[in-house]
Amino acid sequence: MAKDKELNILKHGLVPEHRLLPTEEEKEVLDGLGVDRENLPKILISDPAIQQLVKVHGDINVGRIVEIKRKSRTAGVAKAYRLVVKRE
Amino acid sequence: MKRIRNTSKRIGSIQFAYMSPEEKRDLSATKIITPDTYDDDGFPVEMGLMDTHLGVIEPGLRCKACGGRVDECSGHFGHIELAMPVIHIGYVKEIKKLLRSTCSECGRLLLEEEQIKEYLERMSEMRRMGAGPIDIRYFAKDISKEARKNERCPHCRSEQRKIVLDKPSTFREEKTKLTPKEVRARLERIPDDDLWALGINPEVTRPEYMVLKVLLVPPVTVRPSITLESGDRSEDDLTHKLVDILRINQRLRENRDVGSPQLIVEDLWDLLQYHVTTYFDNQTSGIPPARHRSGRTLKTLIQRLKGKEGRFRQNLSGKRVNFSSRTVISPDPWLSINEVGVPIKAARELTVPLKVTPANIERSKELVENGPSPTKDGKYMAGATYMIRPDGRRIKVTETNSETVAEKIEPGFTIERGLQNGDIVLFNRQPSLHRMSMMAHEVKIVPGKTFRLNLAVCPPYNADFDGDEMNLHVLQSEEARAEAKVLMIVQEHILSPRFGGPIIGAIQDHISGLFFLTYNNPSFTRKEVVSIFSNLKTGRFPQAVEEDGERIWRGKDVFSYFLPEGFNIEFRASICEKCDECEKKGCEHDAYVVIEDGKLLAGTIDENAVSAFSGEIVDKIARDYGTDEARRFIDQVTKIALGVITLRGFTTTIEDEEIPEKAAEQIESVLRKAEKKVGHLVEAYKRGELEELPGRGQRETLEVKVMKELGKARDHAGQIASRHLGMSNNAVVMAKTGARASMLNLTQMAGAVGQQAIRGERPSRGYEERTLSHFKRKELGAKSKGFVRSSYKEGLDPLEYFFHSMGGREGLVDTAVRTSRSGYMQRRLINALEDLMVSNDGTVRNTADTIIQFMYGEDGIDPMRSKRGDALDMDDLIRDFKKRGDE
Ligand SMILES: [Mg+2]
Ligand SMILES: [Zn+2]
Ligand SMILES: [Zn+2]
Ligand SMILES: [Zn+2]
């Protein structure tokens with residue numbers, strides 16, 4: 001695929017919006033949910049969506065949080081948070 | 001060994017390892033050498049499979065190993081010394097992996113020294129980072145995969161030949177067979193240091209233990225023999241299998257020792273391998289299962305654990321329980337939906353423990369004095385079956401000792417009393433597919449031998465009375481009873497979390513009855529109203545009206561009597577004809593229901609008003625007035641409905657599908673015309689002149705057009721028939737009100753049955769290019785492809801009957817396949833979701849407190865309290881606001 005660089009999967013209609021949560025906002029989100037970072041669902045750093053974010057933000061460290069906004073049949077928009085992890 | 005009770009400890013870790021021959025010998029209470037079990041006098045043979053060192057199963061005997069009696073000794077293992085080693089069938093894959101990734105000569109891992117070192121370092125790094133055994137396993141697998149690629153040993157330079165596994169347990173190295181002995185020798189050669197990289201901890205185990213030299217014999221308590229009534233002994237399947245192993249083992253040893261030809265020894269060796277393999281798993285693919293003399297396949301170790309009837313699913317995940325009973329169910333319209341009728345026989349057998357306190361000591365004494373099965377004027381009376389002293393001693397209460405036992409009762413004692421009216425029990429019908437399959441009921445003691453339940457609770461249990469049985473469980477603690485009463489009582493399940501509407505409500509005759517009560521607002525005389533209301537325990541009467549100097553009661557007023565005050569609702573009844581312009585309150589069919597301030601002003605009460613699944617009134621009462629009010633409404637309205645339908649009388653006959661001769665002729669001509677049209681279509685197709693539908697060829701277009709034409713004809717025939725079937729017809733009343741059946745059923749009976757379909761298409765297979773030998777090849781007409789032009793009432797001709805049976809069979813097969821598939825899907829879902837919980841903040845979490853869903857269902861709405869899935873009932877709110885604006 002020569003046009004690899006131009007393919008932005010986050011722009012695809014079926015891929016929900018991913019946003020790298022600024023570190024300043026992390027505390028607020030975690031406190032709001034009443035959880036430790038470790039209790040969030042995980043997302044692999046190798047996930048194509050994270051790799052796309054890397055192209056925007058530069059390297060993303062394991063331990064960062066991503067906010068995902070999904071269209072929901074019941075709630076309209078549903079927010080979810082995922083902790084970036086590495087395999088192993 | 002003395003058992004320590006009431007001590008709880010936490011398991012720190014569990015380690016799995018292959019067991020060494022030495023460990024097995026140490027564990028063993030005795031060596032087993034003879035295949036004999038009992039001698040001629042019936043005593044266990046020493047060093048036989050039933051040796052009393054292995055534990056005891058007969059009362060009175062003592063275990064030779066520990067001296068314990070039947071209930072004290074849980075048994076001990078024995079062992080068999082195998083004459084030649086055999087491969088453990090459970091480990092063949094692991095053995096294959098090891099043989100392939102290590103050198104056949106020197107036993108080293110087929111990787112360079114540095115590589116091994118690097119991998120080991122990475123492995124310990126992973127451990128430091130908290131990697132679990134599963135992660136290590138995967139890593140070890142990758143290492144062995146890497147090692148397998150080397151065709152020459154990096155350590156001794158010897159050439160590696162390809163090793164294949166000849167299922168189930170024979171290893172071959174380029175055509176030459178590796179005996180278990182050789183396999184074992186190779187595994188022995190693998191050095192400890194290399195084992196780490198292969199995922200084996202050499203400090204606890206060695207890979208050669210996967211090839212068995214010693215076989216453990218399970219305690220007799222695991223494989224008890226049963227004595228039949230005839231006095232013959234019947235041995236457990238495992239014992240049978242062990243006998244086989246011992247016999248062959250003995251022969252193999254003898255032949256080996258006398259130096260028999262290699263061929264004979266090898267055959268016996270293979271046979272021993274077969275017996276040991278089937279002893280572990282009698283469903284190993286590639287070998288015939290071992291069978292009992294009767295031809296039944298033996299249930300060996302794996303079979304004991306695996307599957308639905310295995311130890312896990314049958315005995316560990318679920319168990320048989322006490323304080324329960326099961327019997328046939330039958331209907332009882334006089335019960336409340338909250339009640340269950342329990343037959344006297346069951347009520348005496350099932351008990352509730354009653355703790356004696358100063359407050360209830362008199363009642364307790366009375367219960368015990370009553371004895372185990374007292375009656376009062378020939379009727380049931382609760383008694384007590386046992387008295388339990390604080391020290392745990394149980395004293396059985398009998399007719400003769402009841403008075404003396406009663407005198408001894410003191411506070412602190414417990415008595416077990418029989419059921420009495422008002423006790424809370426759980427009632428259940430399988431398959432338990434949703435929470436409403438198990439609800440709490442109040443006991444009502446009834447005569448007879450069946451459980452009784454109100455007809456309105458049939459839908460949640462999906463019960464009918466064609467022989468259905470249900471289970472009843474008596475709650476044993478105050479806490480359980482309180483919880484059940486608050487959370488599980490029937491009235492709390494009127495609204496279903498499945499679809500956010502009522503699942504308990506009027507069915508069948510209830511709906512017909514309410515239709516006759518309210519349709520076109522009939523009048524009832526005083527006598528009639530008394531008869532209807534006699535079903536109810538109420539002294540009051542609905543509002544009467546004066547007509548021709550006489551007091552009469554209008555049906556709609558009678559119904560309104562049961563509506564709560566201030567109740568408002570508007571909706572279309574089930575009998576609505578879906579007119580182009582709805583006249584609402586002025587509907588000529590009396591099909592638009594208007595209730596204002598608890599008065600039914602217009603419309604007919606039918607399925608859409610009060611039924612389970614779609615009853616709007618039941619729904620709104622449960623939502624706005626609470627479950628007490630909803631229960632009261634359902635109890636009373638269903639009783640009234642039965643009063644009305646009893647008064648009027650209700651039946652349906654074949655004559656309800658009778659239509660005038662003229663109508664029959666009309667239908668006949670409609671069908672004839674349709675068949676002619678199909679003929680034209682077929683001809684056009686044969687000429688290739690059909691106008692093709694988009695995306696379809698000639699043939700497909702023909703099928704679609706023919707189906708459409710015949711469908712239209714059936715509907716038209718139905719219309720003609722229903723023109724002559726009016727609301728004075730009971731079958732039509734049932735169909736239109738939603739009480740039972742549908743107009744389609746009626747048109748199939750009166751008009752024409754219509755096209756039969758197989759997988760959504762006209763039947764097409766059977767004979768070569770035709771469905772049946774009665775037709776010409778390639779015939780495409782209506783009749784030859786399963787169109788049934790007869791009605792059920794006329795009866796089907798043999799060909800029609802055959803096509804109809806094809807359709808019917810497909811339906812049966814579909815349901816059979818669907819239930820088994822959805823059952824398995826449900827099982828997997830339940831296993832995946834069983835310990836998820838909605839926490840107080842609305843998130844869904846597992847037991848590790850990890851978030852699974854950030855808001856339950858993403859919107860945080862409890863489907864049970866939703867209006868068909870939505871948080872708010874918008875139409876109702878708007879109506880409410882408008883009304884307030886008007887005032
Ligand atoms: Mg049934
Ligand atoms: Zn013992
Ligand atoms: Zn080597
Ligand atoms: Zn209408």
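Residue numbers start from 1 in every chain, and the chains themselves are labelled A, B, ... in the order their sequence lines are given, proteins ahead of strands.
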Practice task
Counting only heavy atoms closer than 4.5 Å, note whether Ala78(A) contacts chain B via side chain, backbone, both or neither.
Solution key: side chain

Problem - Over 12 foreign heavy atoms within 6.0 Å of CD, Glu28(A) - result: no

Practice task
Give a yes or no on this: more than 12 heavy atoms of other residues, nucleotides or ligands lie within 6.0 Å of atom CZ of Arg828(B).
Solution key: yes

Exercise for the section: Say whether, by atom type as modelled, one donor and one acceptor occur between the side chain of Ser72(A) and the main chain of Glu858(B) under 3.5 angstrom. Expected result: no

Practice task
Step through the shown structure and confirm whether more than 12 heavy atoms of other residues, nucleotides or ligands are within 6.0 Å of NZ on Lys42(A).
Solution key: yes

Exercise for the section: Please flag which part of Ala848(B) lies under 4.5 Å from any non-hydrogen atom of chain A: side chain, backbone, both or neither. Expected result: backbone

Problem - CD on Glu67(A) to CZ on Phe854(B), rounded to 0.5 Å - result: 10.0 Å

Handout entry: Side-chain touch Ile851(B)/Pro41(A), heavy atoms, less than 4.5 angstrom
Key = yes

Exercise for the section: Count the heavy atoms belonging to other residues, nucleotides or ligands that lie under 6.0 Å from CZ of Arg137(B), then report whether that count exceeds 12. Expected result: no

Practice task
Kindly indicate whether the side chain of Val35(A), heavy atoms from C-beta on, has any atom under 4.5 Å from the side chain of Arg845(B).
Solution key: yes

Problem - Spacing of Lys86(A) atom NZ and Met129(B) atom CE [to the nearest 0.5 Å] - result: 8.0 Å

Completion exercise
The reported gap from NZ in Lys79(A) to CE in Met855(B) (rounded to nearest 0.5 angstrom) is 11.5 Å

Practice task
May I ask you to check whether over 12 heavy atoms, not counting those of Ile134(B), lie within 6.0 Å of atom CD1?
Solution key: no

Problem - Which atoms of Asp849(B) approach chain A - backbone, side chain, both or neither, heavy atom under 4.5 Å - result: both

Handout entry: Residues, nucleotides or ligands: over 12 heavy atoms within 6.0 Å of Arg865(B) CZ
Key = no

